[in-house]
Amino acid sequence: MYTPASTVNGADYTKIMQTFAALNQPRVGYALNIESPFTDVSAAPSRVYDIVPVPNDDFIYDYTLQHPNTTTWGISFSQTSASPINIQYQVWFNATNTANSSDIFGRDALAIVRGIDEAIITVLNDPTATVKANISIALKDWPLIPPGRLSDSVVQQLGSVFFFCSEMIIFINVLNQIVTEKELKLRHGMEVMGLRPAVYWLSHLLSNTVLVLINALVTCLCGLAFGFEIFRNANFGVLLIMFFLFGEAMVMFAFFITTLVRRASVAVLADIFLFIIGLLIESFVFSSSYIGYIWWSGIIPSGVSYVLGLLPFFNFGHMFLDISSMTTGQLDRLTNTYIPGPGFPWSALYSAPPSDTLPFYGDNPPAVPPVIQAWYLLIMDCFVYGLLLWYCDNVIPNEYGMAFPPWFFMTPDYWGFETSSAKSTNRNEWQTHNTSGKVMVPIEGDEDSDVLVERDRALDSSYFPALKIVNLRKVYRNSALFASKLDKIAVRNSCLTVEQGTLLALLGQNGAGKSTTISMLSGLTPSTSGDALIYDMSVRNQMQRIRKITGICPQHDILFDDLTAREHIELYAGLKCVPKSQLKALIDERLYAVRLHTVADVRAGTYSGGMKRRLSLVISTIGDPKIIFLDEPTTGMDPVNRRRVWSFIEKFKRNRVIILTTHSMEEADVLGDRIAVMSKGRLRAINNSIALKSKFGTGYRISVVTHQAQADQVKSIVQRMVPGAHLDDDSAGALIYQFPATSMGAIPGFVKWLEQNKNGLVKSWGISQSTLEEVFLKLIRESSHKTQ
Ligand SMILES: Nc1ncnc2c1ncn2[C@@H]1O[C@H](COP(=O)(O)OP(=O)(O)OP(=O)(O)O)[C@@H](O)[C@H]1O
């Protein structure tokens, strides 16, 4: 093989080789042909060739490497001057040609050198020419590392891919954790308890910054320990900051993505998608593979690279490749010695990598920006994603939590300044805004008189109880864009008032709208229309302030499996700014009240359902809230603990407002100062237990046990004394009567008659009032008849 296969500065090397062939034919005994040039380094020889022109030195080397034991020797010509012509040539003997290696240094070498000299002198025929034949003979074992190309280093070739993967672990963790917290309502539960979004994000940022820093340190130390060149030859600070900035930008990127994703399952898909995109960029653009150095080849215009710079992995790839190009050494193929890379000191940050360290150098090396630019881009990424996070987190509506309008940052309310719209202490203004003729409060014709009275009370512009709900409505939209028949009206224009020191029990079937009402009042979900005033603050625009005086025990426990009961209380006490000095006494007292003191230091993940409910209840009372929402607090509790919880709630309600939803009529009866019954999103009845029973109850039940033979006599007496009495059951002398509320006046006289005839006509008797359960069932039955 010989190179170059052309005329350079008057020296025609093809002609020289032809002459070499002609002169040597008599000596070797056969004709040596000059073959067509070889251009494909990977094409295996299909026959025996004679003298083959090839494009360059690399070709000779690579061809021999790929096809061992085929090429005998190669010659590379070069010229140090045109006039006088000084020609240098190097002859390489193929060490892989094991058959005749013993002759390489001896007879063959001398013969070839002499033959080439002779050919040069013959062709040039110039007495002034000085032929200088510098002979370099490289006898190598089969090279283990392909020398002379930057791509030869495995770390450089796959490094950006590998280190990208290590950072992706943090990215995936952040994305999944935050989306899971969103899905499980953990975040919004904490927000209802007073956690500010900024604090939430800051705490995630701080904890992840520590992780990123540890990851960067471990990566650098492992790289050093394994002796990778990039780690040994680059400034430690440069590498640490490179990995740190990349990790931080990925964390901010993950934060932003969480605002677009609601479900953990979707987060996993987003992880996979972004992982593949990053992997493609690292392996195809920046890995020094044979596919190409897109970055260094100048294909990406600088404008586009700024846009791509929004992807942290793009910046990382470019930075990593630049640094590795200067730190990875080369094997000199002629001397078989290793030449280390120039290294990457701190000062190298500010200049582009020297062109001779780039693999695609030539007369016009591409303009590569300095490495510091990638740092700037990563810092820019952190700010850009931070801003996007802040905006999207406020604007994009979620299943839970309140969404602000797109221009929220221009409203003084958002920044905590009191405006006329938010200043609800100006009650008249609030009334005008919410209950004037502008706002229609639809009244359904069949509304109960108590409900109508309650509505009037709510609309009374001079009445401001602790809680006042006016026309509150919630529609769960089926489509984000337009109203449809599939929209679900969960709460239909509720009007309610609750005085301080009162516990309002909300009853209703599954899906009646109880939890939705609580969610709107506690800021877990925004109302569609209407408003509510809690201690003179509107849920529409003063939620931040309301949250400071709110406690909530949500329907589904919002607990951290890894925290103990004590740690939960400490966490929420921190959010509610409870002084540290009061904390221990508070924890002991509250946990004892619900009998959780014995498991105060046990992880909540191991608690039974009832224990978790009790812990959620205790949490709702932290920080002296003025209003507490208890959504089915005793679900799954045994009767003993239920009663303990009742007395805890009973004691706690003084000077507060408690809204309790429950399916236990007994609980509502025991705890509720007022009881509201909801059905299909509407308020059907509201009053205290006794008034509800006498209004909707079926009256009294009286059982009379007589001798079977005298049963008819007793029946006729009852019909005479209590004309409206209805015989429910008559079996073996046991008569059960239902006395309607209208027959109340006749009851005392009848009871007197029963007592007088005891042990005579009457063997025994008993009386009981209608239960709340009967009232509830009656109301629900009526409401379903009405809607049918
Ligand atoms: N996120 C939601 N998206 C769509 N519809 C919802 C959503 N949450 C509740 N609903 C619907 O709104 C209605 C009221 O639900 P809500 O949870 O308020 O009832 P509830 O009275 O609390 O019932 P339960 O006693 O079962 O807790 C139901 O029909 C329910 O299906």
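We number each residue from 1, following the sequence as shown. First listed ligand is number 1; within each ligand, the first listed atom is number 1.
- With hydrogens and angles ignored, the 3.5 Å screen pairs a side-chain donor or acceptor of Gln542 with a backbone N or O of Ser538.
- With sequence neighbours left out, the ring-ring contact (aromatic ring centres under 6.0 Å, His included) criterion links His663 to no other residue.
- Using a 4.5 Å cut-off on side-chain heavy atoms (C-beta onward), Gln509 and Ser679 make contact.
- Between Thr517 and ligand 1, no N or O atom pair is found at a separation short of 3.5 Å.
- Counting the atoms of ligand 1 from 1 in the order shown, those under 4.0 Å from a heavy atom of Ala512 are 19 (O), 20 (P), 21 (O).
- For Tyr385 and Phe255, the ring centers are positioned 6.0 Å apart or more.
- Proximity of Lys514 to ligand 1, defined as any heavy-atom pair under 4.0 Å, is shared by backbone and side chain alike.
- A search for salt bridge (Lys or Arg N to Asp or Glu O under 4.0 Å) contacts involving Arg590 returns nothing, not counting sequence neighbours.
- The distance criterion of under 3.5 Å between nitrogen or oxygen atoms is met by Gly511 with respect to ligand 1.
- Short contacts between ligand 1 and Ser515, defined as distances under 4.0 Å to a heavy atom of the residue, involve ligand atoms 17 (O), 18 (O), 20 (P), 22 (O), 27 (O).
- Screening Glu666, Glu667, Glu650 for a salt bridge (charged side-chain N to carboxylate O under 4.0 Å, His left out) involving Arg643 leaves a single residue, Glu666.
- Distances below 4.0 Å separate heavy atoms of Glu632 from the following atoms of ligand 1: 24 (P), 25 (O), 27 (O).
- Within the 4.0 Å heavy-atom shell around ligand 1 one does not find Lys474.
- Shown in contact with Asn510 at under 4.0 Å from a heavy atom are these atoms of ligand 1, numbered in order with element: 23 (O), 24 (P), 25 (O), 26 (O).
- Interface of Gln555 with ligand 1, defined as ligand atoms under 4.0 Å from a residue heavy atom, comprises 24 (P), 27 (O).
- When only modelled atom types and interatomic distance are considered, Thr258 and Lys182 share no side-chain donor-acceptor pair under 3.5 Å.
- Within the 4.0 Å heavy-atom cutoff, Met678 does not count among the residues contacting ligand 1.
- Every atom of ligand 1 is numbered from 1 in the order shown, and the set under 4.0 Å from a heavy atom of Gly513 is 14 (C), 18 (O), 19 (O), 20 (P), 21 (O).
- Within the structure, the closest approach of Gly508 to ligand 1 does not fall below 4.0 Å when heavy atoms are considered.
- No side-chain N or O of Asp673 forms a donor-acceptor pair with one of Thr502 less than 3.5 Å apart.
- Using a 4.0 Å cut-off to heavy atoms of Thr516, the atoms of ligand 1 that qualify are 14 (C), 15 (O), 16 (P), 18 (O).
- Here the closest heavy-atom approach between residue Gly681 and residue Ser494 is recorded as O-OG, 4.4 Å.
- Close approach of ligand 1 to Ala490 (heavy-atom distance below 4.0 Å) involves ligand atoms 12 (O), 13 (C), 14 (C).
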